[in-house]
Amino acid sequence: MKVRIYANRNYPIGEIDKNIFGGFVEHIGRCVYTGIYEPGHKLADKDGFRKDVIELVKELDMPLTRYPGGNFVSGFDWKDAIGPKASRPSRPDYAWLAMEPNTFGLDEFVKWCAKANTAPMYAVNLGTNTPKSAQELIEYCNFEKGSYWSDLRIKNGSKKPHNIKYWCLGNEMDGEWQIGHKTAEEYGRIAQETAKMMRMVDRSIKLCVCGSSSRNMETFGDWDYNVLRHCFDSVDMLSVHAYFGNSDHNFPKFLAAPEVLDKQIADSIACCDAVAAQRKSYKKIMLALDEWNVWYRGDTNAHPETIWQAARPINEEIYDMTDVLVVGGILQTMMDHADRLKVANIAQTVNIIAPIMTEPGGRAWRQTTFYPFALMSKYGRGTALKLSSDSPTYSTDIRAEGIPFVKSSVVFREEADELVVFTINRSQDEPAELTAEFGCFKPTKVIEAIEIHHANPDAVNTADSHPVKPAKIAAKRVSLKDGKLTATLKPFSWNMFRISTK
Ligand code: AHR
């Protein structure tokens, strides 16, 4: 099959915000306990943080990490998890049916973030807690000194303010499963008052309000519009959550997840802009895709014998080669919306539907999806360019115009004088002959050509075997002549071409 793409410097989509490569650490399953935090592990540092995990998180280069939930946050009181550990209460976590020992809390998380080269994005509890509690929380974190809560932070060991910039106003408040679930009117009001009261403490923060928790929600669109009608002036971003699965073994549909997300993002932007139109406002609400991933095998009800224990092994999704294409494609969709998507958090970072896995007391390893994330995080920062592309398509019941077998994105990394082409071939059996042209750019050489491919779409990585990983594309399959890149993409492959423009 023949595929053509054409990119031009004069047609940028926008600067890709580095924060789209964010992670997510929730108190759920083994994400915190035996994931990032395991005192007594032979690789734990003096704070109990696993150094092997920190190294892998650094490799993913996640500039922002959302915390402490997720559904967990809606039943959580941040005050339970500060101060001397011996006096912190253990409490049942009703979201995930676990015991929460509270030995890892806000101050530990901020410390971990510094070691893992990431910044905290904190979700406040708007399920069972109040605007006042959120105001006290930001006073604890961002107020310098001289007030009750800031002085308590200092007493607890953090002289300097945590200066947390990104905040989520609750989590998935449209879902009836959420502890303290609300109607759009109830949530819109509390989000507005919380935003106002948090900004009284620190005007510089970025606030993200809960949008719909999935495109499948009956209230999708209505919820977003109605919530924003209450808090449009006080918030910066609307959250979007998107998980994709293949329980029905419908591969063509599953592989089209990037196109489904594209529509979800476009519709969410439409809601933001509809409220702006109605108010005659020029303000553009940005989007935060603050939970996304492939999730259909990791079972929330796994190991019922561990109910009311800490570190329950639930939601441990094992990723395969097919997921590499879906995760890579989703990251491309994010780049296609660089102008409006300013934050995204893969859910989650460790063990729970995550690119990193650990054994309690043992090894840590990279899942298959670790690789497209790490490479796109490293080389996918710069200006996303609009593409004119031409690929044969396949049909699904998703949309009338078909899904291109080959999906591509091009990023211009100006400071490196480099163009980076990311492309996935979703055909199971046909290679693709790719031709890429770059308009007025002057490409001089291919710096690197990398693919992720495995003949078995079900191939997975484990602690013992690592069959799915990046490899160099053989030189005879890539060439650059007269500024034109040609390459043969294997069937069912993720690919990256770095091209110098020096
Ligand atoms: O990421 C796992 C869970 O998925 C989160 O806690 C929740 O917000 C979502 O439903």
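Whatever order the structure lists them in is the order used to number ligands and atoms, beginning at 1.
No donor-acceptor pair closer than 3.5 Å links the side chain of Thr396 to the backbone N or O of Lys253.
The side-chain tip of Lys469 does not point at the ring of Tyr371 from less than 6.0 angstrom away and within 45° of straight on.
By the 4.0 Å N-to-carboxylate-O rule, Arg88 lies too far from Asp80 to be salt-bridged with it. Comment: Arg279 engages Asp233 in a salt bridge, judged by a side-chain N to carboxylate O separation of less than 4.0 angstrom. We find that Glu55 and Lys51 are not joined by a salt bridge, their nearest charged nitrogen and carboxylate oxygen being 4.0 Å or further apart. Note on Glu136 versus Lys79: salt bridge recorded, some NZ/NE/NH1/NH2 to OD/OE distance being below 4.0 Å.
Where the criterion is an N or O separation shorter than 3.5 Å, residue side chain and backbone included, Trp295 fails it with respect to ligand 1.
When non-hydrogen atoms are compared, ligand 1 lies under 4.0 Å from neither the backbone nor the side chain of Asn315.
Checked options Tyr122, Phe109, Trp149; the residue passing with Trp78 is Trp149 (criterion: ring pair (Phe, Tyr, Trp, His ring centres under 6.0 Å)).
Here the heavy atom of the protein found nearest to atom 8 (O) of ligand 1 is Glu291 OE2, 2.6 Å. The nearest heavy-atom contact from the protein to atom 10 (O) of ligand 1 is Glu172 OE1, 2.8 Å. Nearest protein heavy-atom neighbour of atom 2 (C) of ligand 1: Gln348 NE2, 3.5 Å. Among all non-hydrogen protein atoms, the one lying nearest atom 6 (O) of ligand 1 is Glu26 OE1, 2.6 Å. Among protein heavy atoms, atom 1 (O) of ligand 1 sits closest to Tyr243 OH, 2.8 Å.
For Trp96, the heavy-atom gap to ligand 1 drops under 4.0 angstrom.
Listed by number with element, the atoms of ligand 1 under 4.0 Å from a non-hydrogen atom of Gly70 are 5 (C), 6 (O), 8 (O).
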